[in-house]
Structure formats: structure tokens, C-alpha cells
Amino acid sequence: MLSPEMIIAFWIGVLIPIVVLAILYLVFKISIKNISLSIIALGAFILFCSFSFGFTGAIYGAVAVGMIAIGTITLIAGLFDEIRILKKKISSDEEKTY
């Protein structure tokens, strides 16, 4: 069972990457797949660095787990989006051939 502080930290770790993802996607037009991979890598780095800090490290670890979770979910969504785009591109290429 997680303590209340860790639950709040987990949700902070989930919500902050969503905001970062939205800003990077809307402003800079970076693909969702690339952003989610960078969020997963950042969460893994934070998790790795927080092992030796006791309770504070556990809080940072909860933030990192939230970041990894939302990064994985957005990566799966981004891959499905790319598959949809590729299927549409292939079907439009098949219509153009005579």
C-alpha cells in the first residue's frame, strides 16, 4: 500500500508528462512516439538515481513510475496512430496505381 504522499507523487508523475507531451506535440510537431520514448527514458533515469535516497528517493521513485506508466501508454497510442497512418498511406498508394 502506498502512502498518501506517494500516491500524490505518482499522479504528479503522470500529469506533468501529459502537459509536456501536449506542449511538445502542439508547438513543435514532434511525434508522439519520440516524446513518449524520451519520457520513459527520463522516468527510468530518475528511478535509477533515486534508489539511494531513502524516503525522499521513494517519493521520486513514485514520480518516476508514473512517468514510465504514462510514457508506455502514450507510446502504445503513438504506435497505433502510426499504423493507422501507414495503412491509409498504403491504401491511397494502391488507388493511384493503374
Side-chain angles (χ1 to χ4, degrees):
M1 187 74 187
L2 295 174
S3 67
E5 297 89 5
M6 292 179 77
I7 293 171
I8 292 171
F10 173 81
W11 286 110
I12 289 171
V14 168
L15 294 176
I16 289 175
I18 290 174
V19 172
V20 170
L21 179 107
I23 290 171
L24 289 175
Y25 180 72
L26 294 174
V27 174
F28 298 110
K29 303 295 183 198
I30 299 174
S31 73
I32 294 174
K33 184 183 70 166
N34 292 339
I35 298 169
S36 63
L37 286 173
S38 65
I39 288 173
I40 292 171
L42 180 62
F45 179 73
I46 292 170
L47 189 64
F48 177 73
C49 292
S50 67
F51 281 139
S52 62
F53 288 111
F55 180 73
T56 306
I59 296 294
Y60 292 146
V63 171
V65 169
M67 290 177 74
I68 292 170
I70 198 66
T72 304
I73 291 169
T74 55
L75 176 64
I76 292 169
L79 290 175
F80 279 122
D81 187 47
E82 281 196 23
I83 290 171
R84 182 185 57 82
I85 290 171
L86 288 175
K87 283 183 180 179
K88 186 186 294 184
K89 194 179 290 186
I90 289 172
S91 67
S92 68
D93 289 342
E94 289 175 354
E95 292 174 0
K96 290 180 183 177
T97 59
Y98 298 108

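The cluster map of Ile, Leu, Val, Met, Phe, Trp and Tyr, joined by side-chain heavy atoms under 4.5 Å apart, puts Ile83 and Ile85 in different clusters. The hydrophobic clustering, which links ILVMFWY residues whose side-chain heavy atoms are closer than 4.5 Å, places Phe10 and Ile7 together. Phe80 and Ile18 fall into different hydrophobic clusters, defined by Ile, Leu, Val, Met, Phe, Trp and Tyr side-chain heavy atoms under 4.5 Å apart, directly or through other members. Residue Trp11 is grouped with residue Leu47 when hydrophobic side chains (ILVMFWY) are merged at heavy-atom distances under 4.5 angstrom, including chains of intermediate members.
Rounded to the nearest 0.5 Å, atoms OG (Ser31) and CG (Leu37) are 8.0 Å apart. Here the CG atom belonging to Leu21 is positioned 12.0 Å from the CD1 atom belonging to Ile73, to the nearest 0.5 angstrom. How far CD1 of Ile59 is from OG of Ser50: 10.5 Å, rounded to the nearest 0.5 Å. The CD1 atom of Ile16 lies 12.5 Å from the CD1 atom of Ile70; values are rounded to the nearest 0.5 Å. With values rounded to the nearest 0.5 angstrom, Ile39 atom CD1 is found 11.5 Å from Ile68 atom CD1. A distance of 7.0 Å separates CD1 of Ile12 from CD1 of Ile8, quoted to the nearest 0.5 Å.
The shortest non-hydrogen separation linking Ile46 to Ala64 is CG2-CB, 3.8 Å. Pairing each heavy atom of Phe48 with each of Phe51, the nearest pair is O-CD1, 3.5 Å.
In this structure the side chain of Asp81 reaches within 4.5 angstrom of the side chain of Arg84, judged on heavy atoms. Counting only heavy atoms from C-beta outward, the side chains of Val14 and Met67 never approach each other to under 4.5 Å.
Ile23 pairs in a side chain to side chain contact (heavy atoms under 4.5 Å, CB included) with only one of the listed residues (Val20, Val19, Leu26), which is Val19.
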### Query
Which is it for Ile35 and Thr74 under the side chain to side chain contact (heavy atoms under 4.5 Å, CB included) test, yes or no, and what are the steps along the way?
CA-CA 9 Å; Ile35 298 169; Thr74 55; over 6 Å; no
